[in-house]
Amino acid sequence: LDSAVRFLKHSPDELIEAVRSAERAPAVDPDPPDASEGDVRAAESGGALRVLELWKQWQQAGTPDPAAALAVGHSLIRLAHPTRALEVLEHAGTGPRARQLRALAMSSDPERLDDAIEILEQLRREGHKDSETLGMLAARLKQRARMTDNRTDLRASHALYLEAFERTREHYPGINAASTALGIGAVDDGRRIAAEVQAVIEATPEAERDRWAAASLGEAHLIQGDLDAARRHYGAFITREHSDLRAQVVMRRQIRWNLEWLDQPTDALDDLFDVPGVAAFVGHMTDAPDRATERFPERCVAGVRKGI
């Protein structure tokens, strides 16, 4: 239940960034040693508890180093355990990559979002203007803009995505620059940028494209108004990544936002997705036999059960 609640609190940008950033090489700080990275990836398939067990084993053996903490912390972020990730990242040092991941973990808590943005702003002031840092900062600003309906934040997010795209020509910041252009009312700019993103991806041999290229192509076509082509590329991604429900959920939300900004029916592509509903159950323990003041005595259970 805790994981479900954390998942539902995340904005689409934070979720998609957590997954996508796992597949982009850090611009700073060395990668973890191959052995620890492989161990973490293997443990991740068993869930957060298995990752934490591995981390505990390393701690007891006195072997974890900052690079290993980075790998474990990032894994826990991907698994929607940001609080545990922050605990592990205390052992990751103060390098730029560690600070990026701390900001990413903190941003899952709306009350700490401003702190996360400040960490990323500080990195930018220090001269870290790589795609990773700019993209993460832009995503956090867009997250805050969606929470507060703050157009200033959305314009700042757009400017950062566009800067990152112009510096790197990578499709991830590019397609987000196109989408945020729609959000600030610059539809023509959004379509122009989307066309550039499409050209960048199509110029890349298919064997060299990352897993998100099909999704970005779908979004590029959507923004340009070609829903049939968008449906085709989104469908290809969903077919290949059918088990990644989180990616599908956040993709569907992003599609709905784009359609809303384009004054189109927001459910136009919903039929592509086979996403189950989420049910959260809460309960109340019954009173202890010696409780002085009744709150939920055992004799009431049958009636409550029947009512439910």
Side-chain angles (χ1 to χ4, degrees), residues 1-26 28-113 115-116 119-120 123 132 136 139-140 143 211 241 243-250 276 278-283 285:
L1 179 59
D2 287 345
S3 295
V5 171
R6 278 191 292 271
F7 171 64
L8 292 168
K9 284 173 64 180
H10 289 183
S11 78
D13 298 311
E14 193 277 330
L15 290 169
I16 209 81
E17 178 66 25
V19 177
R20 283 179 168 174
S21 63
E23 295 162 356
R24 298 197 301 274
V28 288
D29 292 347
D31 283 330
D34 290 342
S36 64
E37 176 70 17
D39 289 342
V40 171
R41 285 289 186 176
E44 190 172 314
S45 64
L49 288 178
R50 180 68 193 95
V51 173
L52 287 167
E53 286 174 4
L54 178 63
W55 174 249
K56 186 176 180 180
Q57 290 170 11
W58 284 346
Q59 283 187 304
Q60 291 173 342
T63 56
D65 57 14
L70 288 173
V72 172
H74 203 171
S75 174
L76 291 170
I77 292 171
R78 290 192 295 266
L79 293 168
H81 283 264
T83 301
R84 291 301 186 100
L86 285 169
E87 293 172 2
V88 172
L89 290 169
E90 288 297 316
H91 303 270
T94 58
R97 185 58 176 166
R99 291 151 68 191
Q100 286 177 344
L101 291 179
R102 287 191 188 101
L104 188 58
M106 291 166 63
S107 66
S108 66
D109 181 351
E111 294 184 359
R112 304 192 71 183
L113 180 56
D115 295 333
I119 290 173
L120 295 167
L123 284 169
E132 181 88 355
M136 291 178 72
R140 304 289 76 72
Q143 179 183 348
R211 66 182 286 230
E241 308 289 345
S243 63
D244 193 340
L245 292 178
R246 179 180 299 176
Q248 290 191 51
V249 168
V250 297
V278 176
F281 292 85
V282 296
M285 65 187 298

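Residues: numbered from 1 along the sequence shown.
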- Item | Nearest heavy-atom neighbours spanning Val88 and Leu76 | CG2-CD1, 3.9 Å
- Given side-chain contact (heavy atoms from CB on, under 4.5 Å), test Met106 with Ile119 step by step and report yes or no. CA-CA 10 Å; Met106 291 166 63; Ile119 290 173; 3.6 Å; yes
- Item | For the student: nearest non-hydrogen atoms of Ala98 and Gly93, plus distance | CB-O, 3.6 Å
- Query: Which heavy-atom pair separates Ser75 from Glu44 by the least distance, and what is that distance?
  - Reply: OG-OE1, 2.8 Å
- Task: Run the numbers on Trp55 and His91 for ring pair (Phe, Tyr, Trp, His ring centres under 6.0 Å), then give the verdict.
- Result: CA-CA 11 Å; Trp55 174 249; His91 303 270; 5.6 Å; yes
- Note on the structure: When every non-hydrogen atom of Ala103 is compared with those of Leu120, the smallest separation belongs to CB-CG, 3.8 Å
- Hey, are Arg50 and Glu53 close enough for a salt bridge, meaning a charged N less than 4.0 Å from a carboxylate O? yes
- Could you walk me through whether Leu86 and Arg112 pass side-chain contact (heavy atoms from CB on, under 4.5 Å), step by step? CA-CA 12 Å; Leu86 285 169; Arg112 304 192 71 183; 3.5 Å; yes
- Query: Any donor and acceptor pair, going by atom type alone, linking the side chain of Gln100 with main-chain N or O of Glu132 inside 3.5 Å?
  - Reply: no
- Task: Enter the distance from His74:NE2 to Leu79:CG here, rounded to the nearest 0.5 Å.
- Result: 10.5 Å
- Arg102 side chain vs Leu89 backbone, donor-acceptor pair below 3.5 Å: yes
- For the atom pair CG (Leu52) and CZ (Arg84), what is the distance rounded to the nearest 0.5 Å? 5.5 Å
- Item | Where Ser108 and Pro82 come nearest, the two heavy atoms and their spacing | OG-CG, 3.0 Å
- Which atom names give the shortest non-hydrogen contact between Ala85 and Gly73, and what distance separates them? CB-O, 3.4 Å
- Separation between CG of Asp115 and CZ of Arg140, rounded to the nearest 0.5 Å: 13.5 Å
